[in-house]
Amino acid sequence: MVRTRFAPSPTGYLHIGGVRTALFNWLFSRQHGGQFILRIDDTDQQRNVDEALRPILDGFRWLGIDWDEGPEVGGGHAPYYQSQRTARYQQAVETLLDKGCAYRDYASPAEITAEREAAEKEKRMFVYSRKWMAETDEQARAYEAEGRQAVVRLKMPREGVCKIQDLIRGDVEFQWQTEQDHVIQRADGTFIYHLASVVDDHDFEITHVIRAVEHLSNTPRQIFIAQSLGYPLPQYAHIPFVAEPGGQNKLSKRKLAQYLKNRDFQKLCDRGKGIAEAIQLPTSDDTFNPVIIDFYREVGFLPEAILNYILLLGWSLDDKTEEFGRAEMIKHFSLNRVNKSPASFDPKKLMAFQARYMSRCPIKQKVALVLPYLQKAGYVQDPPSCDEGPKLTKIVQAAEQRIEVAGDILDYVDFYTADDQIRFDEKAFEKRLRKPADAAPLLTRFRAQLAEVEPFDAATTDKLLHDFVAAEDIKIGVLINALRVAVTGKAVGFGMFETLEILGRESCLARIDRALAQL
RNA sequence: GGCCCCUUCGUCUAGCGGUCUAGGACUCCGCCCUUUCACGGCGGCAACACGGGUUCGAGUCCCGUAGGGGUCACCA
């Protein structure tokens with residue numbers, strides 16, 4: 001039975017890189033009919049774990065990454081919070097101590113620092129002298145009598161090599177002598193991540209540890225812990241990290257200001273903020289930016305698109321295929337096709353996936369996606385009135401591929417603005433209405449025909465206008481451009497006749513009259 | 001700095017010794033479609049980090065060099 005895990009620390013947000021690590025773990029377990037476990041690494045947490053966990057769990061749920069064991073679903077290996085598993089860690093520390101694989105160390109932080117600095121000065125590798133190591137209770141008592149406090153350190157091997165067989169990197173070797181006697185239990189009795197992680201992976205029967213490559217150099221000490229405890233080793237797979245846009249540094253939430261210098265990232269960010277502001281969502285950099293998964297959910301991305309894009313960040317099937325739904329991902333995923341080098345996050349390509357998925361989204365679903373944005377922005381009531389459905393469907397249909405993320409609907413709210421509130425774009429008004437001498441008379445005459453035509457739908461007004469243009473022997477652009485500005489206030493928009501139909505005769509005439517009056 | 005990892009178009013990648021005058025995708029640039037803006041269609045620009053080997057033959061194997069990155073906590 002394959003069992004994988006993702007172990008987030010409750011930080012209050014779900015990072016893109018974390019999503020990818022989780023995705024690979026999830027895919028691998030699903031593919032092998034195994035299980036995916038969520039474990040909460042809160043050894044270091046102070047307060048509000050639940051609150052800080054919320055966005056993470058919500059993010060996974062939104063993406064459709066489900067877990068077989070963990071918070072909110074329980075499981076046979078509970079508890080899944082490290083803060084609740086300290087008794088197990090204490091046991092493990094005792095065992096390590098008994099076996100002589102760890103020791104109580106009474107050095108003060110200052111003393112350790114002094115040793116390290118001395119080593120640096122002499123340009124030699126730092127290895128702790130173990131001068132304050134207490135191997136007997138008697139020694140321990142003596143140090144305690146001096147008022148010293150103990151931490152527990154690993155008594156790491158100082159010769160030989162640690163060979164890691166990594167499913168992605170192949171064999172990697174570390175000299176044991178370059179390893180430190182890492183602390184596993186702090187002076188205050190709390191435990192360090194490495195100890196907890198190894199114990200939990202064993203207790204949870206994790207078979208494959210798939211994690212980001214920054215953990216590769218932590219692996220020797222974890223192997224030492226596991227072996228000292230007599231645990232069988234899991235298989236390791238160290239995947240590359242996700243790099244920042246246009247760079248090769250690790251993508252980090254903290255470097256947002258720097259990413260904003262990247263134009264594509266900036267554009268994505270602005271687009272999101274525009275939508276967020278329209279629906280009165282707070283947009284602090286801490287909770288709302290493209291490094292965090294919530295951003296995408298809130299501005300109306302499709303989870304399938306995000307998943308597909310993230311999957312391809314470091315993994316590919318072949319030279320052609322790049323569309324993968326959940327089922328295809330599960331079917332085709334493999335660790336041996338994961339790349340070794342970091343892949344940088346490209347907002348443009350993400351958008352391309354999103355646009356593609358959105359364009360294939362059935363109209364009904366698109367309407368449902370878009371509706372909450374109109375409601376939150378105050379254009380449509382909640383619940384919507386009964387004539388709202390057909391109107392919105394028409395709008396979404398007329399929008400065609402223009403709505404890439406659900407929140408984009410807010411760019412097309414002219415249909416909801418009162419006729420006397422339409423703001424005419426100055427430049428467009430000048431260019432299409434004021435400047436062409438024949439615009440006004442043509443529009444006036446065409447208005448008269450619009451007032452009469454039956455039925456008032458796209459096909460009919462289309463024919464009406466074309467006949468009119470033929471009869472007047474004019475270029476179609478003159479009239480249609482003037483009409484568009486008169487009716488929407490803007491130079492660009494949906495197809496003209498769909499626009500007319502959605503607005504309805506009354507609004508069209510009122511808006512044309514208002515435009516003509518302002519000439 | 002020590003240790004470890006990585007290196008094909010701007011970006012994501014295919015390539016596991018000859019099929020590579022290096023393929024696909026995104027972006028970008030043209031053209032077409034067209035009432036605008038998108039969409040769409042067609043076409044184009046663009047890469048094997050460098051130097052040595054091995055081999056009849058190297059993007060592909062080996063060794064160096066350079067560059068980039070990760071990690072060196074009583075963080076996770």
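Letters A, B, ... mirror the listed sequences (proteins, then strands); counts begin at 1. Remember, predicted model here, so these are calculated numbers, not experimental data.
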With a 3.5 Å limit on both atom pairs, tell me what [N] is paired to, counting Watson-Crick and G-U wobble, or say none.
N	value
U7(B)	A66(B)
G59(B)	none
U71(B)	G2(B)
U36(B)	none
C42(B)	G30(B)

So what does Glu173(A) hit on the nucleic acid, given a heavy-atom distance under 4.0 Å: a base, only sugar-phosphate, or nothing?
sugar-phosphate
Sugar-phosphate only, base, or nothing, as touched by Arg124(A) at under 4.0 Å among non-hydrogen atoms:
nothing
Can you name the residues that form a salt bridge (Lys or Arg N to Asp or Glu O under 4.0 Å) with [X], not counting sequence neighbours?
X	result
Arg148(A)	Glu111(A), Glu146(A)
Glu214(A)	Lys250(A)
Arg85(A)	Asp200(A), Asp203(A)
Arg221(A)	none

Pick the [atom1] atom in [N] and in [M], then give their distance to the nearest Å.
N	M	atom1	answer
G69(B)	G59(B)	C1'	22 Å
U27(B)	U13(B)	C1'	14 Å
C6(B)	A14(B)	P	15 Å
G24(B)	A47(B)	C1'	14 Å
C5(B)	A46(B)	C1'	29 Å
C75(B)	G68(B)	C1'	25 Å
G43(B)	U8(B)	P	28 Å
G10(B)	A22(B)	P	15 Å

Tell me whether the OP1 or OP2 atom of A14(B) has a side-chain N or O from Ser316(A) closer than 4.0 Å.
yes
Between Asn339(A) and U13(B), is there a side-chain N or O to OP1/OP2 distance below 4.0 Å?
yes
When you check the gap from the basic side-chain N to the acidic O, do Glu144(A) and Arg104(A) get nearer than 4.0 Å?
no
Would Arg271(A) and Asp408(A) pass as an ion pair if we require N to O under 4.0 Å?
yes
Among all residues two or more places apart in sequence or in another chain, which pass the side-chain contact (heavy atoms from CB on, under 4.5 Å) test with [X]?
X	value
Asp188(A)	Arg186(A), Thr190(A)
Arg484(A)	Thr488(A), Met496(A)
Arg402(A)	Glu400(A), Tyr412(A), Phe494(A)

Measure from [atom1] on [X] to [atom2] on [N] and round the result to the nearest Å.
X	N	atom1	atom2	value
Ile164(A)	C5(B)	CD1	C1'	11 Å
Phe324(A)	C12(B)	CZ	P	17 Å
Arg263(A)	U11(B)	CZ	P	17 Å
Lys340(A)	U8(B)	NZ	P	13 Å
Asn262(A)	G10(B)	CG	C1'	11 Å
Asp318(A)	G23(B)	CG	P	16 Å
Asp319(A)	A25(B)	CG	P	10 Å
Lys253(A)	A76(B)	NZ	P	18 Å

So salt bridge (charged side-chain N to carboxylate O under 4.0 Å, His left out) across residues 347-359 of chain A, not counting sequence neighbours, yields Asp264(A)-Lys348(A), Glu322(A)-Lys349(A), Glu322(A)-Arg356(A), Glu323(A)-Arg356(A)
Can you list every salt bridge (charged side-chain N to carboxylate O under 4.0 Å, His left out) pair that touches residues 157-178 of chain A, not counting sequence neighbours?
Arg158(A)-Asp181(A)
Write out a two-atom table: protein N or O, nucleotide N or O from nucleotides 26-32 of chain B, distance below 3.5 Å.
unit_1	atom_1	unit_2	atom_2	d
U27(B)	O2'	Lys348(A)	NZ	2.8

Walking RNA chain B from its 5' end, the first of Gly246(A) and Phe353(A) to be reached, judged by nearest nucleotide, is Gly246(A)
Closest-nucleotide 5' rank along RNA chain B - winner of Thr321(A) and Leu313(A):
Leu313(A)
Just do the ring pair (Phe, Tyr, Trp, His ring centres under 6.0 Å) check on Tyr80(A) and Phe204(A) with the steps written out, would you?
CA-CA 9 Å; Tyr80(A) 294 91; Phe204(A) 294 169; 5.1 Å; yes
Over 12 foreign heavy atoms within 6.0 Å of NZ, Lys253(A):
yes
Measure all distances between protein nitrogen or oxygen atoms and nitrogen or oxygen atoms of nucleotides 34-44 of chain B, and list the pairs falling under 3.5 Å.
unit_1	atom_1	unit_2	atom_2	d
U35(B)	O2'	Asn481(A)	OD1	3.4
U35(B)	O2	Arg484(A)	NH2	2.8
U36(B)	O2'	Ala491(A)	O	3.3
U36(B)	O2	Gly493(A)	N	2.7
U36(B)	O2	Gly493(A)	O	3.2
U36(B)	N3	Arg484(A)	NH2	3.2
U36(B)	N3	Gly493(A)	O	2.8
C37(B)	O2	Arg402(A)	NH1	2.6
C37(B)	N3	Arg402(A)	NH1	2.4

Contact pattern, 5' to 3', of nucleotides 62-75 of chain B - B, S or - by protein heavy atom under 4.0 Å
------SSSS-SBS
Nucleotide of G2(B), G23(B), C5(B) approaching Met125(A) most closely (side-chain heavy atoms)
G2(B)
Any heavy-atom pair between the side chains of Val152(A) and Asp105(A) that's under 4.5 Å?
no
